[in-house]
Peer 1: 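Below you'll find the structure I mean.
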Amino acid sequence: MVRILNVAEKNDAAKTLAGLMSGGRSRKREGFSKFNKIYEFDYNLFNQNCTMSMTSVSGHLLGCEFEASHRKWHSCNPVSLFDAPIHKTCPENYKDIKRTLEREARGCEILVVWTDCDREGENIGFEVIQVCTAVKPNMRVYRARFSEMTPGAVTRAIANLQPPDKNVSDAVDVRQELDLRIGASFTRFQTMRLQKVFPNVLADQLISYGSCQFPTLGFVVERYKQVQAFIPEPFWKIKVSHDLQDDGFIEFSWRRGRLFDYEACLVLYEHVIENPLATVLEVKKKPKSKWRPVALDTVELEKLASRKLRINAKETMKIAEKLYTQGFISYPRTETNIFPKDLNLRNLIQQQVNDQDWGEFAGHILEDGPNPRNGNKTDQAHPPIHPTKYTNGLQGNEKRVYEFVVRHFLACCSKDAQGQETTVDISINDEYFSASGLMIIARNYLDVYPYDKWTGKILPTMEEGAQFTPRTIEMNQGETSAPSLLTEADLISLMDKHGIGTDATHAEHIETIKARLYVGLTNDQKFIPGELGMGLVEGYDAMGFHMSKPHLRAELENDLKLICEGKKNRDVVLADQIRKYKEVFVEACTQAEKIDTALAEHFGAPQQLSNQDLLQATAMAITVKPCSKCGMQMSLRTKKDNKGFFIGCSGYPTCREVIWLPDYVLKAEVTEEVCPHCQPGPVNRIRFQFKRGSVPPFIPNDYTGCIGGCDNNLMETLQIRRSSQSAAQPSQPTSSQRPAASQRPAPSQRPALSQAPPSRRPFYACSKSQDDSSKCNFFLWADNQEPTTQRSNDSGFSTLKYYNNPGGNRTSAITGAGDGSVSCQCGQEGKLLTVQKVGPNQGRQFYACPKPRGQGCNFFQWGDDAAAPTNYTAPRGGGYNASQRGGYQPGLIGGRGGGHAQSNGSTTTAQRAPRKCGQCRQTGHTKKNCPMNR
DNA sequence: GCAAGGTC
C-alpha cells in the first residue's frame, strides 16, 4: 500500500485535516515532538488505497542566521553583514519535529504539503520538502491548496494536488534575508555607537532597527510632529436654537458650517438677525440603521479590545492564544472576516444559549436563523475568530476577552439596529439651517453588544411651512483643534493600511518600540515618541534617509509580489535591495554625527570621542589579521585605561588570544594596506607612532609595518611572538631542554637561516607561568647568532645591515655597507668620533650623523659594538630595554657564561640599573657629559 | 545583545 506523508503548519491543523479526510476515524500516535502528533488513516488517492500519515511542524522549521564568524557583535564590521554568508538551520527546540519528519519520510513515497495557503505557508512547505527529500530524495512532492478547513474545501484540495510554488517561497526567502541583514547591521551600528556617545543615558540600551519597528515608530513621531506643529485657526459660525415649551428644545446648525473670515460671518449674521423669522422648509423622516459588526479578524480584535476593553494588543493576543489552546475560541491569527459557508454557525450559537447574560439573545438568533455580516478579506486558511466552546469559568481579562469574542460573534450573526432619522430644514432671511433627531425602533444587535453606543435624540414635532422666531441666534467663535496623538488602535490601523507587519505581529512591533524606549504612553494611553525614538528619526531624516517612513517596506512588498507572480527574479530583487540598503548604511556611518547631534538635543552633549574610538566601538575598525588560534578576526583595540593598545580576538571570551602592544606605542592605527606576504591573510599593516628613543634606530618613530611575521624588526620591537611559535616552537624550554654553552654550535657551525626555519629556533623566555603577573617579556635566542644575511630595503635603510633573524637581538651588525663605513638613518655616512670627556667611555669610538647638530638625525652607534659584553644580565625586553621605556641600548645582550639566560623578572631590585644618560641612554655619564655632546 | 515571520 502506498504510504503518503502529509504535513500541516501546526498540530491543530493536522488534527482538523486528518479528521475531515478520515471522517473522524484517524488514529493518533506520537512523534518525537510532544506537541506535534501523527494522525493516520486510509484514503483513496490516485485511485489506489493509501495509508496517510498526517503530521505537522510549528511554523517555520528552519531559521535564518549568520555563520559563526559573523554572529558575535564585535566579530566583524557591521557593513559586512550585507554580504556575509547566511544559513538556514533548524533551531534546537524544533529538532524533534525535524526528526519526526525524517523518520516518517523514510517510510513514505509521496509528500503532500498542507501548510497554510499564504506566502509564509509556502515557504514553510519548502522547508518541509528540504528536510524530507534530504533523507528520501526520490519522494514525489505535492501541494494541497485549500481556501478553508472544511470537508468540501479539503476534498477539492486533495483532488487537485499541485506542485509547490517556488516563486512564492522565494519571495519569503528574500524577505527573511533582507530583514536579517538590514536589521542586524543597523542595530549593531546604532547600538554600539550610541552606547559610547551617550554612555550616561544609553550604556545598556539596545537600539534596534527593523523594517517594521522603525516605520511603526515613524507613525508615532509623524503624528506627534503634526500635533506640535499645529497652529489653531479661529473660525466663526451661526447657531440657532429654539425652545418649544412643552415639546422640547431644538438646535439648528448652519448649512455653511463655519467660516474662517470673521467679517464675512459677521455680515451674514447681521443679515440673519435683520429679519430673524424662521420658516420650516422641510421635515424629512428616513430609516437609519446602525450596522452590526463584521466577522472578527485579528486586527479588529486588537483594535476593539484596545478601544473598548482597554486591554493592549499584545495582552489581547496573549489571552486569545491561551483561549485558543484551551479550545474556547477559534484560531486568533486570521485575516479572514468572512464566515465559510459550510461552517455550522447554528451549533456555535446553540452552545451559548444557557449563558445568563447573552443566552437569551443567542436563543433569539436561532429563532430567526444566523445571518452573519461578512467583510471582504480572506487569508484562505482560517475562519474569523469565533467562540468554539462555551465557558463561564474564566476570570479577569480572559473572561473579558472571551465575552467580547462571544458578544461580537452573536452581534455579527444577528441584525442591524434600526431607527428613524428626522431632519428639519429651516431658513432665516435666506440662510439655511438644519436639525436632526433619531428615534431607535429596534436595538437588535445592540442588546448583546454593549461596546457600541447609539443614542436617540427626539426632535419636537414641527410642521412644514410653520414659522417661528428662534429663541437664540448666535454668532459663535471657535478654533480648529490639533489632531489627537495616536491610540493603539490608530497605530494598528496605520500599520495594517501600510502593510507594516502582519496581523500576527502588529502587537509585537508595538511592544518592541515601547520596550526600546522609542515611544511611551500618555496618561490617557496615547502614543508619544520618547527622546531616543525622536532623536533617531530626526537623525536619519537629517541625512535625507527617511528610514521611518513606510514606503521602504511598501516598495519591498511590491517587489515580493512580483517575485510571487514570476515577474521578477529573486536574486535580482535581493541584490538590488542589498545594494540600496548597503549604500544607505555606508552613508549613515559617514554621517553618523547627525544622529549624535539629533540625540544631543535630548540627551545633552555627546561624549567626545576620537574617530578611532568610534570606529573601534562600532566594530568598524579594519581588522588586523585572522586569529592564529580560532581563525576569527583580530582587531586593534584600546586598553581599558585608554593608555595603550592591544590586538584582541573577536572570539573573546571563547578565544583569549591577544597581542599586547608595549607602552611605548603611542599611537596605532590599522591601515587599509594588506601585506602581500603574510598568510593566512588578510593581514593589514599598522601605522605606529613610537615614543621617541624607545625603539631601535632602524625603526622610525612613525612607522607603518606588518605584524603578520614578515617584518622581523617590528616583531622584535613590539616583542610579538610569532603565531606559529605557539604551535611549532617550544614556548619555554625547561632547564633540561636548554642547551648548555658547550652544546651550542660554534658560530661557524651554526646553520644558515634558510636551513633553520625561525619557528624551530630555540629561545629563552621568562620561566614564570603565563598567568603570573610578574612574568616578564624576556626573550633571547639561545644561539645568539651573528647576522648572516642582508635584508632588502623595506623601511628606508638600504645601507644598513641588520639581522634577518626573527627576534634577532643585536644591532651590532650595523657595520656599514661593506666598505668600513657606517651609515646613519638619514642616509649620510656616519662620522667616527671618539669620546673625549672624562668617564667610563672616555676614548671609546662611536658613529654619529655628520651633519651639524640640530640638522642631522639622531643616529648613534658605538664603534666597538660588535664586541658586545657576554656576561651581562639581559634587561627585560631583549635587545633594547623595554621595561625602562625610552632607552635603546645597543649591545646589552648576551647569555651568561653558563649557557643559561636569566630574565630579570625577579632580580630587578638587585640588579637595579645605574642611572642612564637622558640622551644616549648609556650608563656611566649623564646627559650633561654625554659623548654625543661632542 | 541584532530582524521579522511562523508557532506552542
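Residue numbering restarts at 1 for every chain, and letters A, B, ... go by the order of the sequence lines.
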Peer 1: Can a donor-acceptor pair be found between the side chains of A/Thr55 and A/Asn36 at a distance below 3.5 Å?
Peer 2: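 Note: A/Thr55 and A/Asn36 side chains miss the donor-acceptor criterion.
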Peer 1: Considering only NZ, NE, NH1 and NH2 on the basic side and carboxylate oxygens on the acidic side, decide whether A/Lys549 and A/Glu555 come within less than 4.0 Å.
Peer 2: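 So A/Lys549 does not pair with A/Glu555 through a salt bridge.
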Peer 1: Should A/Arg516 be listed as having a side-chain N or O under 4.0 Å from OP1 or OP2 of B/dA3?
Peer 2: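 The answer is yes; a side-chain N or O of A/Arg516 sits under 4.0 Å from OP1 or OP2.
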Peer 1: For a quick check of understanding: with a heavy-atom distance under 4.0 Å over all strands, which category does A/Asp116 fall into, base, sugar-phosphate or nothing?
Peer 2: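 Here A/Asp116 touches the backbone only, sparing every base.
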Peer 1: Do the side chains of A/Arg99 and A/Glu102 get close enough for a salt bridge, i.e. N-O under 4.0 angstrom?
Peer 2: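 A/Glu102 and A/Arg99: not salt-bridged.
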Peer 1: Using the ring of A/Tyr331 (Phe, Tyr or Trp, six-membered ring only), decide whether A/Lys10 places NZ or CZ under 6.0 Å from its centre and within 45 degrees of its axis.
Peer 2: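 Relative to the ring axis of A/Tyr331, which defines the angle, A/Lys10 lies inside both limits.
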Peer 1: May I ask you to evaluate whether A/Ser208 reaches the phosphate of B/dG1, defined as a side-chain N or O under 4.0 Å from OP1 or OP2?
Peer 2: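 Answer no for this pair, as no side-chain N or O of A/Ser208 is under 4.0 Å from OP1 or OP2.
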Peer 1: Taking for each residue the nucleotide of DNA chain B bearing the nearest heavy atom, is the 5' side occupied by A/Asn11 or by A/Glu65?
Peer 2: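 The 5'-side residue here is A/Glu65.
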Peer 1: Check whether the ring centres of A/Phe214 and A/Tyr209 lie less than 6.0 Å apart, and answer yes or no.
Peer 2: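 Between A/Phe214 and A/Tyr209, the centre distance is under 6.0 Å.
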Peer 1: Which whole-number value in Å describes the distance from A/Arg181 CZ to B/dG5 P?
Peer 2: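 For the pair A/Arg181 CZ and B/dG5 P, the rounded distance is 18 Å.
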Peer 1: Nearest to the side chain of A/Thr505 - B/dC2, B/dA4, B/dG5?
Peer 2: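 The answer is B/dG5.
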Peer 1: Within the modelled atom types, does a donor on one side and an acceptor on the other bring the side chain of A/Tyr94 and the base of B/dC8 under 3.5 Å apart?
Peer 2: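 Checked by distance alone, the answer is yes.
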Peer 1: Between B/dC8, B/dA3, B/dG1, spot the one nearest the side chain of A/Asp179, thanks.
Peer 2: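 Side chain of A/Asp179 sits closest to B/dA3.
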Peer 1: Check every atom of B/dT7, B/dG5, B/dG1 against the side chain of A/Arg333 and return the nucleotide holding the closest atom.
Peer 2: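 For the A/Arg333 side chain, the nearest candidate turns out to be B/dT7.
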Peer 1: So A/Glu9, base contact, sugar-phosphate only, or nothing? Heavy-atom distance under 4.0 Å.
Peer 2: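 Sugar-phosphate only.
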Peer 1: Whole-Å distance between B/dA4 C1' and A/Glu127 CD?
Peer 2: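 Distance, rounded to whole Å: 13 Å.
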Peer 1: Under 6.0 Å from the ring centre and within 45 degrees of the ring axis: does the NZ or CZ of A/Lys15 meet both conditions for the six-membered ring of A/Tyr39?
Peer 2: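 No, A/Lys15 does not sit over the ring of A/Tyr39.
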Peer 1: A/Arg175 near the nucleic acid: base, sugar-phosphate alone, or nothing, with a heavy-atom cut-off under 4.0 Å?
Peer 2: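 If one applies the 4.0 Å heavy-atom cut-off, A/Arg175 turns out to touch a base.
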Peer 1: Regarding B/dG6, can its base be found pairing with the side chain of A/Glu508 as donor and acceptor, where the two atoms are less than 3.5 Å apart?
Peer 2: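 Not at all, since no donor on one side and acceptor on the other fall under 3.5 Å apart.
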Peer 1: Check the distance between B/dA4's C1' and A/Leu552's CG and give it to me in whole angstrom.
Peer 2: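 The answer, rounded to whole Å, is 16 Å.
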Peer 1: Using a 4.0 Å heavy-atom cut-off across all strands, classify A/Gln195 as base, sugar-phosphate, or nothing.
Peer 2: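 Base: the residue A/Gln195, judged by heavy atoms under 4.0 Å, touches a nucleobase.
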Peer 1: Just the rounded figure in Å: distance from P of B/dT7 to CD of A/Gln176.
Peer 2: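 Interatomic distance, CD of A/Gln176 to P of B/dT7: 14 Å.
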Peer 1: Heavy atoms only, 4.0 Å cut-off, all strands: where does A/Arg553 land among base, sugar-phosphate and nothing?
Peer 2: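 Sugar-phosphate only.
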Peer 1: Answer with base, sugar-phosphate or nothing: what part of the nucleic acid does A/Gly501 contact at a heavy-atom distance below 4.0 Å?
Peer 2: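 Sugar-phosphate contact only.
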Peer 1: By the 4.0 Å heavy-atom rule, please label A/Thr191 as base, sugar-phosphate, or nothing.
Peer 2: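 The residue A/Thr191 makes base contact.
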Peer 1: May I ask you to say what A/Gln213 touches in the nucleic acid, namely base, sugar-phosphate or nothing, with a heavy-atom cut-off under 4.0 Å?
Peer 2: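 The residue A/Gln213 makes sugar-phosphate contact but no base contact.
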Peer 1: Can you tell me the distance, in whole Å, between the NE2 atom of A/His506 and the C1' atom of B/dG5?
Peer 2: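 Going from NE2 in A/His506 over to C1' in B/dG5 covers 12 Å.
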Peer 1: Of the nucleotides B/dT7, B/dC2, B/dG5, which one has an atom closest to the side chain of A/Tyr331?
Peer 2: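 Among B/dT7, B/dC2, B/dG5, the one nearest the side chain of A/Tyr331 is B/dT7.
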Peer 1: Under 4.0 Å, counting only non-hydrogen atoms across every strand here, what does A/Phe186 touch: a base, just sugar-phosphate, or nothing?
Peer 2: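 Answer is nothing: A/Phe186 stays at 4.0 Å or more from every strand.
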Peer 1: Report the distance from atom CD1 of A/Ile182 to atom P of B/dA3, rounded to the nearest whole Å.
Peer 2: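 It is 13 Å, rounded to the nearest whole Å.
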Peer 1: Show the numbers, then the answer: is there a side chain to side chain donor-acceptor pair (under 3.5 Å) between A/Gln213 and A/Ser208?
Peer 2: CA-CA 9 Å; A/Gln213 52 179 267; A/Ser208 59; 2.5 Å; yes
Peer 1: Using the six-membered ring for Trp and the full ring for Phe, Tyr or His, decide whether A/Trp73 stacks on the six-membered base ring of B/dG1 (centres under 5.5 Å, planes under 30°).
Peer 2: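 Stacking is present between B/dG1 and A/Trp73, given that their ring centres fall under 5.5 Å apart and the planes under 30°.
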Peer 1: Can you measure A/Glu321 atom CD to B/dT7 atom P for me and round it to whole angstrom units?
Peer 2: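 From A/Glu321 CD to B/dT7 P: 9 Å.
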Peer 1: As a test of reading the structure: which of B/dG5, B/dA3, B/dC8 is closest to the side chain of A/Ser58, going by heavy atoms?
Peer 2: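 For A/Ser58, the side-chain atoms sit closest to B/dC8.
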Peer 1: If the cut-off is 4.0 Å, is A/His509 near the phosphate of B/dG5, judged by side-chain N/O to OP1 or OP2?
Peer 2: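 Result: yes.
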Peer 1: Can you check the A/Arg71 CZ to B/dA3 P distance for me, whole Å?
Peer 2: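 Distance, rounded to whole Å: 16 Å.
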